[in-house]
Structure formats: structure tokens, C-alpha cells
Amino acid sequence: VSHNMAAVRTLCTRAILLCRGAAIFDGHTDSVIYRYLRNGSASVTSWTRPADIPRNPTYFTSISARLEGEQPSLCLALWASVRCERSKCSKVFVAIDVSDGLGAPLMQAIPDKPLLELSQGVWELSVRVELPPLIPGCYTADMWLGSHFSETVDHIRSAVSFEVEAS
């Protein structure tokens, strides 16, 4: 089971598309990937943390996105809620990773002021990522928090996705 479409395409000649644990399509890998991208990740513009995902003292509670502008000047607008459960949380950095529909990383964006000094409570972030010219297709964005660039506090993979329709 994988959401990494590049690995699925490389390793498999046949695939099964699952939805809530049930097989909804079975066929050639390219056909299954096409259906997955068209019906699954292309329309996920918001994410809310499920209760069963483990949490550190600082974590994302929700993330939403909107694609703005027109080619070649697209911008990904992101909003995130971050909760700090301690009276004094460690400083955290924010980063956004953008990948193509096959899961291949394209870029990492770091806001102008990536370091956040949080205290107890819920904090709202707003980030705009200027995207390079993109070919039509589906793309995903990860949101990352870390106390250092090598130490992860929270990482939501494929938190939101967006579709570029025109080149």
C-alpha cells in the first residue's frame, strides 16, 4: 500500500485502488494511478488532524490551501493551525514541500520568517508559495515543523493537493 505514485509505477505492473478499505478499481498500474489522481488527491484542499495520529507537544491541527493566479505566475496560499500544549514551546521552523502527482519532490519553500516562537494555545499561520511554471497535472504539498532543519516536530505528508489545468 502506498501513496508514492513513482514507486508504484516503478515496482508494479498491476495495481488495486482502495477507498476506505474496499477495492474500487483493479487494473494496469497507469490506469489505476490515473483514477487515483483524478478522483483522489486532485481535490483535497483541506486537512484536519484525525484523533488517532500521534502528537508532539507542538503539532498541526488543520491545513488548507488555495491555488491563486494564472500560469506562469501561480501561487499556493496555505493556512495552518498549530497547537502548542506547553506553557513555553521550543522555537520551530516551517517548511513546505511541493511534489508532483507521482510523489517526486519538486521544490521546498521556506517562508521569509520561518522561525516561530510559540506559547501555549492555537496559532494561525498564513504562507504564500510562489510556484514555478508547472505543467498541467496534480501536485501535493507537505507541511513540516522542526526545531532544527534536521529535527522533525510534525510532518504532514500530502496534506493538501492542487491541480494545474492549463500550461
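Thr29 contributes a side-chain N or O that, together with a main-chain N or O of Thr13, makes up a donor-acceptor pair within less than 3.5 Å. Between the side chain of Asp142 and the main chain of Ser158, a donor-acceptor pair closer than 3.5 Å is present. For Gln71 (side chain) and Pro133 (main-chain N/O), no donor-acceptor pair under 3.5 Å exists by modelled atom type.
Residue Leu116 holds its CG atom at 10.0 Å from OG1 of Thr58, rounded to the nearest 0.5 Å. Tyr139 OH to Leu134 CG: the interatomic distance, rounded to the nearest 0.5 Å, is 4.5 Å. Atom CD of Glu68 sits about 11.0 Å away from atom CD of Glu130, to the nearest 0.5 Å. One distance of note links OG1 of Thr152 with CG of Leu145; it measures 9.5 Å at 0.5 Å rounding. Between the CG atom of Leu67 and the CG atom of Leu78 there is a distance of 10.0 Å, given to the nearest 0.5 Å. How far NE2 of His155 is from CH2 of Trp144: 9.0 Å, rounded to the nearest 0.5 Å.
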**Report entry** Trace of the side chain to side chain contact (heavy atoms under 4.5 Å, CB included) decision for Val164 with Leu131
**Finding:** CA-CA 11 Å; Val164 173; Leu131 299 170; 5.9 Å; no
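A 6.0 Å sphere centred on CD1 of Ile135 holds no more than 12 heavy atoms belonging to other residues, nucleotides or ligands. More than 12 heavy atoms of other shown residues, nucleotides or ligands fall within 6.0 angstrom of atom CD in Glu124.
The ring-ring contact (aromatic ring centres under 6.0 Å, His included) contacts involving residues 76-103 comprise Phe93-Phe149, where partners must be two or more places apart or lie in separate chains.
The two residues Asn56 and Asp154 come nearest to each other via the heavy atoms ND2-N, 4.5 Å. Contact between Val129 and Ala109 at its shortest, heavy atoms only, is CG1-CB, 3.6 Å. Between Val153 and Ser147, the closest heavy-atom pair is CG2-N, 3.5 Å. Across Ser81 and Val122, no two heavy atoms sit closer than the pair CB-CG1, 4.2 Å. The minimum heavy-atom distance linking Ser99 with Pro105 is given by the pair OG-CA, 3.6 Å. In terms of heavy-atom proximity, Ile96 sits nearest to Ala141 at CG2-CB, 4.2 Å.
Residues meeting the salt bridge (charged side-chain N to carboxylate O under 4.0 Å, His left out) test with Arg86, sequence neighbours left out: none. By the side-chain contact (heavy atoms from CB on, under 4.5 Å) test, Ile53 pairs with Trp47, Arg49, Pro50, sequence neighbours left out.
Leu74 and Val98 fall within the same hydrophobic cluster, where Ile, Leu, Val, Met, Phe, Trp and Tyr residues are linked whenever their side-chain heavy atoms come under 4.5 Å apart, directly or through other members. Placement of Val82 and Val94 within a single hydrophobic cluster is found when ILVMFWY residues are connected by side-chain heavy-atom separations under 4.5 Å, directly or transitively. Hydrophobic clustering (ILVMFWY, side-chain heavy atoms < 4.5 Å, transitive): Trp123 and Ile63 are in one cluster. Put simply, Leu118 and Val127 are part of the same group of oily side chains (I, L, V, M, F, W, Y) that touch within less than 4.5 Å, one to the next.
Salt-bridge annotation for Asp97 and Arg157: absent, with no side-chain N of the basic residue lying under 4.0 Å from a carboxylate O of the acidic one.
Residues Val160 and Thr45 have side chains not in contact (no heavy-atom distance under 4.5 Å, counting atoms from C-beta outward).
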